[in-house]
**Q** 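Below is the structure I would like to discuss, written out as structure tokens.
Every chain is numbered from 1, with letters handed out A, B, ... down the list of sequences. Note that the coordinates shown come from a computational prediction; the quantities given were computed from them, not determined experimentally.
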2 protein chains.
Amino acid sequence: MPRPSNKPRILEAAADLFSRKGFRATTVRDIAEQAGLVSGGLYAHIATKEDLLVEIVGAAAEEFEAALAPIVAGPDSPETKVRQAVRAHLEVVARSRARSRVFLDEWQALSRPRREAVQSLRNRYEQLWGAILQEGADRGSFGVEDLSLARIFVLSCLNAVNRWYRPEGRLPLEVVADHYATWILRVLKGPEGESRD
Amino acid sequence: MPRPSNKPRILEAAADLFSRKGFRATTVRDIAEQAGLVSGGLYAHIATKEDLLVEIVGAAAEEFEAALAPIVAGPDSPETKVRQAVRAHLEVVARSRARSRVFLDEWQALSRPRREAVQSLRNRYEQLWGAILQEGADRGSFGVEDLSLARIFVLSCLNAVNRWYRPEGRLPLEVVADHYATWILRVLKGPEGESRD
DNA sequence: CCTACCGATCGGTAGG
DNA sequence: CCTACCGATCGGTAGG
């Protein structure tokens with residue numbers, strides 16, 4: 001009877017440490033200690049430290065995409081999709097804080113070939129958002145001036161949430177999501193007798 | 001006749017490398033080489049590698065604050081102040097790309113006592129924004145629902161700009177600033193017959 | 001998965 | 001500011 005592998009424990013320790021101290025500042029000894037083994041023992045599970053980063057980033061990318069894809073493909077109006085998408089994004093951030101933070105901030109520590117693979121995962125996620133925005137523009141629901149700049153604007157607000165959100169903070173996640181969705185829709189809906197000063 | 005000191009060249013090299021590779025991934029040998037001397041020679045100018053990070057971050061904090069403070073203290077309407085502040089922030093980002101990126105992203109690499117000093121510089125800058133928002137709320141110009149969440153929302157969009165903005169990109173800085181200011185004002189102005197779905 | 005260890009590289013220093 | 005170098009620590013491995 002083999003006991004459960006410690007791989008998940010190692011990944012969790014690595015995600016936690018990478019998110020708090022950064023990839024470069026985290027040593028394999030840190031990870032091993034937090035996972036309950038000694039540094040050499042790590043290499044029964046992985047080939048290199050960078051593998052851990054790749055696995056964490058890949059898992060987070062999947063989570064974000066799995067949360068968003070069904071919304072994009074769904075039947076609702078673009079406005080409703082934006083609301084759902086904001087909530088889905090923030091739920092992933094809240095549920096997997098360390099992982100999502102590594103995905104959003106630490107992927108740059110990857111070396112060339114793997115960084116490009118991650119870049120394309122990030123692009124796919126951004127394109128899902130782009131599809132919602134495009135649909136809203138095509139239907140005339142959104143009147144925002146520059147659709148691709150607006151996508152960057154929206155995603156940068158959302159991606160920053162994991163830098164400050166704490167489950168024990170003043171506002172519960174659903175309230176943050178509601179406000180953010182409302183504000184983002186205000187941006188996307190575009191001018192309605194709005195004054196330019 | 002002493003020739004000009006190389007300290008500025010060292011700071012510039014460090015800012016460039018810290019912004020591109022991160023503080024931890026940059027070695028004193030990298031910095032020395034890019035500044036045109038050998039690694040030991042750095043220590044004629046600095047005591048530790050961390051000192052460079054402190055100097056860069058402090059200089060950037062001063063730039064951001066110097067750009068915003070006169071706007072906050074000025075006579076214009078809150079709406080106009082927001083437009084000016086967005087433009088001022090983005091001008092600092094564009095003018096000092098490496099420095100501002102280090103200020104916004106790499107300060108977390110500082111060790112405890114110095115990190116707290118930087119945190120308070122960051123807080124001061126956020127409070128300047130808070131003052132503009134508060135003034136707009138007091139005067140009834142802004143009807144946004146949660147002022148302090150809105151401040152976070154606004155600043156996180158602006159702070160993300162240095163992650164993607166390139167001077168040679170599609171949109172000139174003034175165009176980005178105009179769109180961002182318009183969108184931020186849309187958020188801050190609040191609901192005007194807006195529907196909640 | 002541990003013990004024991006390696007070569008490389010790190011930030012920093014002594015002496016000039 | 002260079003030459004020459006140091007102790008510490010890094011990611012990773014051999015052998016069991």
**Q** Examine the side chains of A/T182 and B/E145 and answer whether a donor and an acceptor come within less than 3.5 Å of each other.
**A** no
**Q** From the options C/dG12, D/dT3, D/dG11, select the nucleotide whose nearest atom is closest to the side chain of B/V38.
**A** D/dT3
**Q** Salt bridge or not for A/D76 and A/R83, using N-O below 4.0 Å?
**A** no
**Q** Write down the distance between CG (A/L37) and P (D/dG11), rounded to a whole number of angstrom.
**A** 15 Å
**Q** Could you check how far NZ of A/K49 sits from P of C/dA8, rounded to whole Å?
**A** 19 Å
**Q** Could you check how far CZ of B/F18 sits from P of C/dG11, rounded to whole Å?
**A** 9 Å
**Q** Take the protein atom CD1 of B/I31 and the nucleotide atom P of C/dT9, then report the distance between them rounded to whole Å.
**A** 18 Å
**Q** What's the verdict on salt bridge (Lys or Arg N to Asp or Glu O under 4.0 Å) for B/R20 and B/D30, showing C-alpha distance, side-chain angles and the deciding distance?
**A** CA-CA 12 Å; B/R20 290 192 294 108; B/D30 292 334; over 6 Å; no
**Q** DNA chain D: B/Y43 or A/R24, which has the more 5' nearest nucleotide?
**A** B/Y43
**Q** For the side chain of A/T48, counting heavy atoms from C-beta on, which of C/dC2, C/dC10, D/dG12 is nearest?
**A** D/dG12
**Q** Specify the separation, in whole Å, of atom CG of A/L17 and atom P of D/dC10.
**A** 13 Å
**Q** I'd like to know if the side chain of B/N123 pairs up with that of B/Q127 as donor and acceptor (distance under 3.5 Å, no hydrogens or angles considered).
**A** no
**Q** Which nucleotide in the list D/dC10, C/dG12, D/dG12 gets nearest to the side chain of A/S39?
**A** D/dG12
**Q** Atom CG of A/L42 to atom C1' of C/dC2: distance rounded to whole Å?
**A** 12 Å
**Q** Just how far, in rounded Å, is P of D/dT13 from CG of A/D51?
**A** 11 Å
**Q** By nearest atom, which of the nucleotides D/dG12, C/dG11, C/dC2 is closest to the A/R29 side chain?
**A** D/dG12
**Q** Could you give the CD1-to-P distance, from B/I10 to C/dG12, as a whole number of Å?
**A** 14 Å
**Q** Run the side chain to side chain contact (heavy atoms under 4.5 Å, CB included) test against A/E174 and tell me which residues pass, sequence neighbours left out.
**A** A/R87, A/P172
**Q** For the residue pair B/R122 and B/F103, would you count it as a cation-pi contact if the rule is NZ or CZ under 6.0 angstrom from the ring centre and within 45 degrees of the ring axis?
**A** yes
**Q** If you count the non-hydrogen atoms of other residues, nucleotides and ligands that lie under 6.0 Å from CD in A/E50, is the total more than 12?
**A** yes
**Q** Starting at the 5' end of DNA chain C, what dot-bracket string do you get if Watson-Crick and G-U pairs under 3.5 Å are bracketed, crossing pairs use [ ], other-strand pairs use | and unpaired bases use dots?
**A** ||||||||||||||||
